[in-house]
Number of protein chains: 2
Amino acid sequence: MAVQNDKAQSPATLMDVAKEAQVSIATASRVLNGSTRKVRNQSYVKVMEAATKLNYRPNAYAQAVAKGTAPNIVLLVSDISDPYFASVSQGVVKAAAERGISVTIGVAATPHEELEAVRKSVSTRPRGIIISESEYTDAPERQALQTELTQYEASGGRAVFVLNRNLPFPAVDMANDVGARAIAKLIVDSGYTRPAILKGDDAHRSSKERLAGVMEVLDEAGITVDPKAVANGKFSRTDGYAAVMQMARSGLLKPGEGALYDGKGIDSIIALNDVMAIGAMTALRANGIEPGREIGVTGFGDIPYSADVFPPLTTVHLPLAEMGQAAVDSILSNRDDGEATGGTANRLIYVQSAPDVVLRGSLPRR
Amino acid sequence: MAVQNDKAQSPATLMDVAKEAQVSIATASRVLNGSTRKVRNQSYVKVMEAATKLNYRPNAYAQAVAKGTAPNIVLLVSDISDPYFASVSQGVVKAAAERGISVTIGVAATPHEELEAVRKSVSTRPRGIIISESEYTDAPERQALQTELTQYEASGGRAVFVLNRNLPFPAVDMANDVGARAIAKLIVDSGYTRPAILKGDDAHRSSKERLAGVMEVLDEAGITVDPKAVANGKFSRTDGYAAVMQMARSGLLKPGEGALYDGKGIDSIIALNDVMAIGAMTALRANGIEPGREIGVTGFGDIPYSADVFPPLTTVHLPLAEMGQAAVDSILSNRDDGEATGGTANRLIYVQSAPDVVLRGSLPRR
DNA sequence: CTGTTAGCGCTTTCAT
DNA sequence: ATGAAAGCGCTAACAG
């Protein structure tokens with residue numbers, strides 16, 4: 001019976017390589033990792049050969065400890081499987097990969113989880129922390145989060161919010177209000193007069209801004225939104241679906257029966273988010289109502305699949321992936337560039353493209 | 001003018017805490033991180049207070065170096081924004097988080113990138129590497145990848161494939177053939193006789209298995225698939241769309257004109273993957289054909305949004321998130337449990353639920 | 001160009 | 001129960 005020799009065999013270390021190549025460990029380090037190589041060609045070759053032979057892989061953690069930082073950033077989202085976050089993540093991962101930086105994705109759905117996630121992240125001393133969270137601007141954890149991030153920045157890290165900045169840190173932002181006004185204008189111009197609105201939590205920054213923009217235009221147009229036609233929810237497919245089902249159950253959807261708009265029912269649904277809009281469309285169908293025909297629907301975000309539902313969703317285009325990239329760029333940018341403008345704290349990072357309306361089939365002219 | 005004191009201020013270290021609490025660094029370590037705490041209550045309190053006061057956060061890298069491993073696993077996908085991967089990722093992240101493990105997500109779209117990603121991952125000495133890649137079972141990198149992973153396993157790591165294992169390592173698998181036969185049977189039983197098939201690359205394992213299952217049933221039913229009605233592509237929305245557009249351009253879609261099935265055209269589309277099916281439906285519409293009415297459509301996977309397209313997609317349900325969880329479980333499971341069954345190499349990890357067909361509107365009876 | 005030698009922050013025997 | 005000290009694998013001065 002063989003000796004217990006199938007134990008885990010640890011990977012070759014720099015020292016192993018140095019020995020094999022008969023050079024000092026410092027030299028080995030220089031050729032294998034160091035930047036400006038000032039090594040004799042002969043040693044270089046010897047080290048490379050030894051490394052290959054031993055299948056050497058540097059220990060990233062040891063490097064990180066020795067250097068003080070590691071080439072990685074962490075991205076916090078509330079749900080990776082939400083197409084919105086998926087698109088942002090894609091941009092983040094791509095931009096990071098191009099710079100040789102890896103990204104750790106953490107999921108945090110509640111303010112509490114978020115705080116915990118940030119704490120854990122800080123332990124990892126990343127170059128930056130991107131928070132692409134979507135809920136709650138005012139939670140009890142808010143203060144603790146701010147403290148944590150401030151501390152983190154003081155130690156050289158960079159915190160960046162994406163689209164829903166609710167604390168004094170740099171943030172990638174888009175003109176939510178502009179997009180909201182555009183979509184509302186389209187509603188008005190297309191002849192709709194009795195909209196329902198599907199919004200997010202009032203503490204949700206983006207939702208609030210979009211709502212404000214929409215209301216402004218509606219007001220100007222002399223359209224009064226029936227309070228009963230404004231539904232709350234999270235920015236999720238499920239809540240969009242639920243909101244419409246609720247309206248249906250209350251008999252608020254059908255003209256005549258409904259108490260909405262003096263019994264005339266709604267003629268459109270303005271969802272402040274694409275997935276809500278998609279959920280709403282499905283719910284409409286579940287009630288025998290053809291979305292886009294009987295009731296116009298609009299979204300916000302232009303996630304990839306908004307073009308594949310039927311009728312295809314008219315929505316506001318947000319450059320999701322670019323926003324993710326911008327966040328990474330911001331983290332990796334020169335650390336002192338905020339000095340001149342009074343610190344980095346409140347810097348807003350705008351992505352080039354504007355939030356334009358994408359016209360598709362879900363909102364035909366009346 | 002103040003001294004340059006706004007420099008990055010490094011976070012408190014264990015030593016700082018120890019000093020502050022007036023105990024040894026070892027004691028501090030024990031209360032803050034060590035498992036079985038055998039520390040006097042008094043010291044415990046002192047250390048905790050000091051840690052809080054100094055806002056101590058352990059340096060994860062230093063811990064990793066000292067311990068030899070770190071609590072993290074890496075997940076490789078080819079595209080996070082694909083709902084399929086997003087769902088799997090969700091399961092992975094969730095399961096990992098429950099065990100206090102963080103997951104680093106890497107994106108690798110080509111075999112080459114994949115190999116590079118694995119190499120980089122290994123540097124990070126993770127507990128495990130999950131590969132949820134979808135293309136190419138035979139690429140030149142294949143051998144190198146196997147070597148790399150074998151080495152990795154030898155050093156105590158765990159490699160796990162998800163659904164598309166193409167190398168001798170453990171894999172989370174589902175009975176693709178069973179699902180495929182079921183969907184094909186449904187096609188036949190529903191009265192369809194002239195299907196088009198949208199498949200992935202022939203080197204793609206899942207695609208191959210599904211195709212085989214479908215063909216088997218079709219054969220049994222005496223249905224001969226017109227070769228021109230079989231389209232290749234990647235498992236992507238875009239390729240599904242493109243495949244159908246291509247058929248349309250070639251005049252293969254419409255009865256009479258088409259050369260398919262003796263000029264009678266296809267009556268259904270069997271996509272071996274949901275996103276392809278969704279792309280195909282949109283393409284059908286772009287050609288004035290109503291999916292689900294004129295031409296039946298089926299998918300495979302049951303991604304979240306397959307219920308939101310119209311008509312809702314009839315597809316094979318795959319427990320995506322559960323598969324991700326299973327991969328994590330496998331990595332974290334006892335390392336020696338494979339011994340009895342002749343090693344861990346070829347172990348297949350089946351997830352409980354079966355690949356059942358989900359009946360929705362896209363495939364009405366004829 | 002290359003080797004020596006301190007650390008980096010933390011864990012973990014080994015004594016006490 | 002607690003402290004001293006030896007690493008973990010690697011980088012970065014600092015001398016040659």
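Reckoned from all heavy atoms, side chains included, excluding hydrogens, waters and symmetry mates.
Scanning DNA chain D 5' to 3' for nucleotides with an atom closer than 4.0 angstrom to a non-hydrogen atom of chain B gives a first and last hit of D:dA1 to D:dC8.
Although no hydrogens or angles enter the test, the distance criterion places a donor-acceptor pair under 3.5 Å between the side chain of B:Ser123 and the main chain of A:Pro58. B:Tyr152 contributes no side-chain N or O that, together with a main-chain N or O of B:Arg119, makes up a donor-acceptor pair within less than 3.5 Å. Judged purely by atom type and a 3.5 angstrom limit, A:Tyr56 has no side-chain atom pairing as donor or acceptor with the backbone of A:Thr13. For the pair B:Arg127 (side chain) and B:Leu332 (backbone), a donor-acceptor distance under 3.5 Å is absent.
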Exercise for the section: Begin with the C-alpha distance, continue with both residues' side-chain angles, and end with the deciding distance and a verdict on side-chain contact (heavy atoms from CB on, under 4.5 Å) for B:Val47 and B:Glu20. Expected result: CA-CA 8 Å; B:Val47 171; B:Glu20 176 77 26; over 6 Å; no
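To the nearest 0.5 angstrom, A:Ser24 atom OG is 12.0 Å from A:Met15 atom CE.
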Practice task
Using a 4.0 Å heavy-atom cut-off, write out nucleotides 8-16 of chain C from 5' to 3' as B (base contacted by protein), S (sugar-phosphate only) or - (no contact).
Solution key: BBBBB----
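Screening A:Val77, A:Val103, A:Asp82 against A:Ser89 for a side chain to side chain contact (heavy atoms under 4.5 Å, CB included) leaves a single residue, A:Val77.
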